[in-house]
**Student:** 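Structure provided below as structure tokens; questions to follow.
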Amino acid sequence: MLYYSSRGKTDPVSAAQAITMGIAADGGLFVPEKRPRLNEDDWLKLRNSNYQQRAVQILGPFLPEFTQEELNKCANAAYHSERFDDPRIAPLVHLYDHVFVQELWHGPTCAFKDMALQMLPHLLTLSMTKTEEPDDVVILVATSGDTGKAALEGFRDVVRTRIIVFYPDEGVSEIQKRQMVTQEGSNVFVAAVAGNFDDAQSGVKRIFGDLSFNRHLAEHGLKLSSANSINWGRLVPQIVYYVSAYVDLLAQGAVEAGQPVNFVVPTGNFGNILAAYYAGLMGVPINRLICASNANNVLTDFIRTGIYDRNRRFEKTLSPSMDILISSNLERLLFETTGHDAGKVSMWMEQLKNQGRYEIDSETKDKVQSIFWGDFCDDVQTLETIRAVWEERRYLLDTHTAVAVKVYQNYEKETGDHTPTAIMSTASPFKFGSSVARALFSPEAIQGKDEFTLLNMLSTATGIQIPKGIAGLENREIRHKTRTKPEDMEQTVLNFLQL
Ligand SMILES: *Cc1c(COP(=O)(O)O)cnc(C)c1O
């Protein structure tokens with residue numbers, strides 16, 4: 001199995017090379033040449049497997065250079081009971097009638113990014129060995145919240161790696177900040193950047209692009225790498241939980257073998273929902289993939305009109321992990337739906353870069369629309385949905401999952417489709433506890449209270465325990481106190497690495 005660049009200007013590479021490189025040299029994303037299909041025996045085996053075994057079975061055909069034993073080790077380390085607080089790893093919960101929720105937030109940082117970032121470091125270090133990569137890697141991350149913490153947890157104490165996370169001093173919630181500055185591990189470094197997310201992100205991009213800086217690192221046997229969601233090693237573990245959801249639906253008698261389902265996905269960078277698309281290519285019977293956005297509704301417009309246009313105001317919402325105007329992984333979908341037409345994809349990506357806009361041809365649009373349905377919801381509707389679902393069904397949603405639930409309600413109303421459906425829940429409600437508290441309590445009740453007090457109020461009112469990754473955060477030792485100006489970030493990296 002080889003991996004092709006979606007821009008078509010480089011030679012295909014092996015899976016291990018694709019994971020080590022992260023992004024192709026021509027700026028494209030790596031896409032698998034073939035589409036592994038699940039046969040009847042595979043399905044039977046999946047039904048009798050736990051999550052770790054399912055992961056090995058799904059990853060195998062995508063990563064042919066990795067032995068069964070290696071993948072077993074990866075899966076058992078990534079989805080370990082010390083790291084996940086539910087032995088089912090990605091449990092499927094019944095919400096009502098034909099509607100289910102898959103909880104993807106039982107990992108150490110309480111957001112779905114753990115599903116991939118617990119696995120990626122193991123795949124990466126193995127890939128480095130297989131490609132005989134001589135250097136150790138330094139993972140550099142600029143984060144607006146969830147990714148930084150999930151990457152820190154994933155890479156902590158992983159051999160041949162160091163991880164450095166920059167977060168904007170003014171741009172993350174108190175809980176997210178505490179999660180990062182209390183991070184343990186011998187190879188982890190965290191710094192606050194005086195500025196907003198753009199300052200942190202621009203600083204990181206500058207470091208990646210600074211040739212003499214990179215040469216200096218290379219002299220010390222180090223190489224920069226990134227953990228963001230364009231790496232195939234982050235995407236492939238996400239395919240697993242869609243297959244797992246279908247197997248669980250079968251086991252619960254909610255569907256019969258071969259019966260199609262819908263998946264509803266709260267979407268930002270398009271990584272999560274793209275994994276659902278690949279699960280479909282593998283043979284999970286899919287009726288519709290429902291793409292749920294917040295007020296940053298660039299994908300809703302794209303799915304409905306075929307026009308991708310990022311020239312619009314950036315909205316800060318209560319579902320911040322979906323506040324994105326450029327959904328990078330869409331490039332992979334375009335490559336797939338055009339039948340691997342790298343010329344077309346390159347042209348559209350060029351237009352996106354230069355004009356912030358492109359329009360796909362009608363044939364590709366028809367293909368996209370035959371699979372995807374898109375809609376969005378605003379902050380007011382998000383809070384209303386959290387309150388209504390709690391009152392009617394005693395199920396507590398975080399803000400991102402609430403966007404998905406609301407969009408699904410719109411879908412049902414508009415289409416009358418009652419196909420069995422799994423809604424992807426991407427964060428624990430406690431991770432975005434102050435917003436969830438706003439949905440449940442009166443303004444007077446929450447006025448002047450800090451985030452930790454609100455979490456306790458939420459827990460008391462709902463009877464749901466605060467997850468381990470968040471409980472007691474306010475009392476944990478603060479280990480990372482570095483603060484840097486955007487222009488000093490390179491020096492901060494050198495200090496961390498003692499160069
Ligand atoms: C990252 C994130 C998303 C968006 O996922 P994409 O793969 O970027 O589309 C949604 N919800 C939460 C809680 C996230 O952390």
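These numbers come from a predicted model, not from an experiment. We count ligands from 1, going down the list as the structure has it; atoms in each ligand are counted the same way.
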**Student:** Between T426, T147, L104, which one has a non-hydrogen atom sitting closest to atom 12 (C) of ligand 1?
**Tutor:** T426
**Student:** Tell me the protein heavy atom at minimum distance from atom 6 (P) of ligand 1, and give that distance in Å.
**Tutor:** N269 N, 3.5 Å
**Student:** Can you check whether R288's main-chain N or O pairs, donor with acceptor, with N262's side chain at less than 3.5 Å?
**Tutor:** yes
**Student:** G271 to ligand 1: N or O pair under 3.5 Å?
**Tutor:** yes
**Student:** Please state which option from S428, G268, A116, C110 has its nearest heavy atom closest to atom 9 (O) of ligand 1.
**Tutor:** G268
**Student:** Note the single closest protein heavy atom to atom 7 (O) of ligand 1, along with its residue, its atom name and the distance in Å.
**Tutor:** N272 N, 2.9 Å
**Student:** Could you tell me which atoms of ligand 1, counted from 1 in the order shown, lie closer than 4.0 angstrom to a heavy atom of D146?
**Tutor:** 13 (C), 14 (C), 15 (O)
**Student:** Ion pair present between R54 and D248, side-chain N to carboxylate O less than 4.0 angstrom?
**Tutor:** yes
**Student:** Would you kindly check if the NZ (Lys) or CZ (Arg) of R304 is within the cone defined by 45 degrees around the ring axis of W373 and under 6.0 Å from the six-membered ring centre?
**Tutor:** yes
**Student:** Could you say whether the N/O atoms of F112 and ligand 1 ever approach to under 3.5 Å?
**Tutor:** no
**Student:** Mark up the atoms of ligand 1 that fall under 4.0 Å of a heavy atom belonging to A427, in ascending order.
**Tutor:** 13 (C)
**Student:** Is there a donor-acceptor pair under 3.5 Å between the side chain of N231 and the backbone N or O of I19?
**Tutor:** yes
**Student:** Considering only NZ, NE, NH1 and NH2 on the basic side and carboxylate oxygens on the acidic side, decide whether E331 and R7 come within less than 4.0 Å.
**Tutor:** yes
**Student:** May I ask you to list the atoms of ligand 1 that are less than 4.0 angstrom from any heavy atom of T267?
**Tutor:** 9 (O)
**Student:** Would the F197 and F314 ring centres measure less than 6.0 Å apart?
**Tutor:** no
**Student:** Can you sort out which atoms of ligand 1 are near M322, meaning under 4.0 Å from one of its heavy atoms?
**Tutor:** 10 (C)
**Student:** Kindly check if the number of other-residue, nucleotide or ligand heavy atoms within 6.0 Å of CZ (R310) is above 12?
**Tutor:** no
**Student:** Can you find a side-chain donor-acceptor pair between Y278 and E336 that sits under 3.5 Å?
**Tutor:** yes
**Student:** Checking a contact table here: which protein heavy atom is nearest atom 15 (O) of ligand 1, and how many Å away?
**Tutor:** K113 NZ, 2.5 Å
**Student:** Near P266, which atoms of ligand 1 are under 4.0 Å from a heavy atom of that residue?
**Tutor:** 4 (C), 10 (C)
